[in-house]
Amino acid sequence: MTSHARQEGLATVSASEADPTSAWAEGYCGAAGGLVRTLATLPSVDPSTPQQASRTSSELMVSVVEGLDRTSSALENLGPAPVTGGDTSRTAAIAQLEGIRARADDVRHRLDSSTDPEATKTALRDARASLDELDRLDLLRGLNDVPQLAAASSRIPGCQELVKQPR
């Protein structure tokens with residue numbers, strides 16, 4: 001590690017210590033960014049046969065569930081929000097993630113256990129619906145609903161990168 005890199009690291013820690021609101025917003029954006037990275041690297045569905053479509057869709061749902069679990073855990077481990085409204089926003093985001101996770105896990109179970117072609121088709125449609133739900137998810141709304149957190153996130157590069165993500 002270069003001396004310059006060490007100095008930058010110390011400056012970042014000092015800024016976070018000096019501004020708990022920015023540090024909390026940065027952690028929140030880090031959790032949201034983890035989900036964005038998971039979604040960007042999801043395995044592909046192989047539609048070559050119904051069996052392959054079912055198997056690869058199940059693998060995709062496993063990746064979705066794991067990504068949602070990591071994001072929920074990261075949000076839960078942030079600690080109390082330093083400003084009023086932060087914990088409410090975080091709780092709402094976690095509830096949203098857990099709802100999508102439960103539906104994705106249900107789809108995965110149905111894909112893994114289905115022997116009926118119609119049930120498999122329904123599960124495949126539901127897998128697509130879970131992905132569409134993830135596409136519409138706006139985790140940053142939780143920050144933007146709290147003025148102090150919105151202001152802090154506007155100064156954090158990691159948060160701004162999430163705003164720029166294509167939908």
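What's counted below: heavy atoms across the whole structure, side chains too, no hydrogens, waters or symmetry copies. Being a predicted model, the structure only gives us computed values, none of them experimental.
Residues A152 and T21 share a closest heavy-atom pair of CB-CG2, 3.9 Å. Heavy atoms only, all atoms of each residue included: L140 and C159 are closest at CD1-O, 4.1 Å. Between R155 and S22, the closest heavy-atom pair is NH2-OG, 3.5 Å. Residue S57 comes nearest to V45 through the heavy atom pair OG-CG1, 3.5 Å, listed as atom of the first residue, atom of the second, then distance. For the residue pair N144 and S153, the shortest heavy atom distance occurs at OD1-OG, 4.3 Å. Between A74 and A31, the closest heavy-atom pair is CB-CB, 3.6 Å.
A donor-acceptor pair under 3.5 Å is formed between the side chain of N77 and the backbone N or O of S73. Proximity of a side-chain donor or acceptor of T71 to a complementary backbone N or O of G67 within less than 3.5 Å is detected. Of the possible donor and acceptor atoms, one in the side chain of Y28 sits under 3.5 Å from a partner among the backbone N and O of L139.
The hydrophobic cluster containing V65 does not contain V107, counting ILVMFWY residues as joined when their side-chain heavy atoms lie under 4.5 angstrom apart, directly or transitively. L124 and V64 end up in the same hydrophobic cluster when Ile, Leu, Val, Met, Phe, Trp and Tyr side chains are linked at under 4.5 Å. Under the 4.5 Å side-chain heavy-atom criterion for Ile, Leu, Val, Met, Phe, Trp and Tyr, L78 and V146 are members of the same hydrophobic cluster.
Within the model, atoms OG of S113 and CZ of R108 stand 9.5 Å from one another, a figure rounded to the nearest 0.5 Å. With values rounded to the nearest 0.5 angstrom, L97 atom CG is found 9.5 Å from D69 atom CG. In this structure, the separation between CD on Q148 and CG on L143 is 11.5 Å, given to the nearest 0.5 Å. Here the OG1-CG distance, from T56 to L42, works out to 12.0 Å after rounding to the nearest 0.5 Å. The structure places CD1 of I100 at 4.5 Å from CG of L137, a figure rounded to the nearest 0.5 Å. A distance of 4.5 Å separates CD of E76 from CD1 of I94, quoted to the nearest 0.5 Å.
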Intermediate values then yes/no, side-chain hydrogen bond (donor to acceptor under 3.5 Å, both in side chains), R70 and T38: CA-CA 10 Å; R70 281 190 301 273; T38 295; 3.1 Å; yes
Quick one, L39 with L131, criterion side-chain contact (heavy atoms from CB on, under 4.5 Å). Give me CA distance, side-chain angles, the key distance, then yes/no. CA-CA 9 Å; L39 297 178; L131 294 176; 5.5 Å; no
Let's go through S48 and D46 carefully: what are the C-alpha distance in whole Å and the side-chain angles of both, what is the deciding distance for side-chain hydrogen bond (donor to acceptor under 3.5 Å, both in side chains) to 0.1 Å, and is it a yes or a no? CA-CA 6 Å; S48 60; D46 177 358; 2.8 Å; yes
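Note on residues 52-123: no pairs pass disulfide (SG to SG under 2.5 Å), not counting sequence neighbours. Applying the side-chain hydrogen bond (donor to acceptor under 3.5 Å, both in side chains) test to residues at least two apart or on different chains, the pairs with a partner in residues 79-98 are D87-R90. Here salt bridge (Lys or Arg N to Asp or Glu O under 4.0 Å) pairs that include residues 57-68, with residues two or more places apart or in two chains, are R55-E59.
W24 places none of its side-chain heavy atoms less than 4.5 Å from the side chain of D19. Between Q160 and S154 there is a side-chain heavy-atom pair separated by less than 4.5 Å.
Electrostatic pairing of E118 and K121 counts as a salt bridge here, judged by a charged N lying under 4.0 Å from a carboxylate O. Between D126 and R103 there is no salt bridge, since no side-chain N of the basic residue sits under 4.0 Å from a carboxylate O of the acidic one. Under the 4.0 Å criterion applied to side-chain N and carboxylate O atoms, D132 and R136 are not assigned as salt-bridge partners.
Between the side chains of T120 and S114, at least one donor N or O sits under 3.5 Å from an acceptor N or O.
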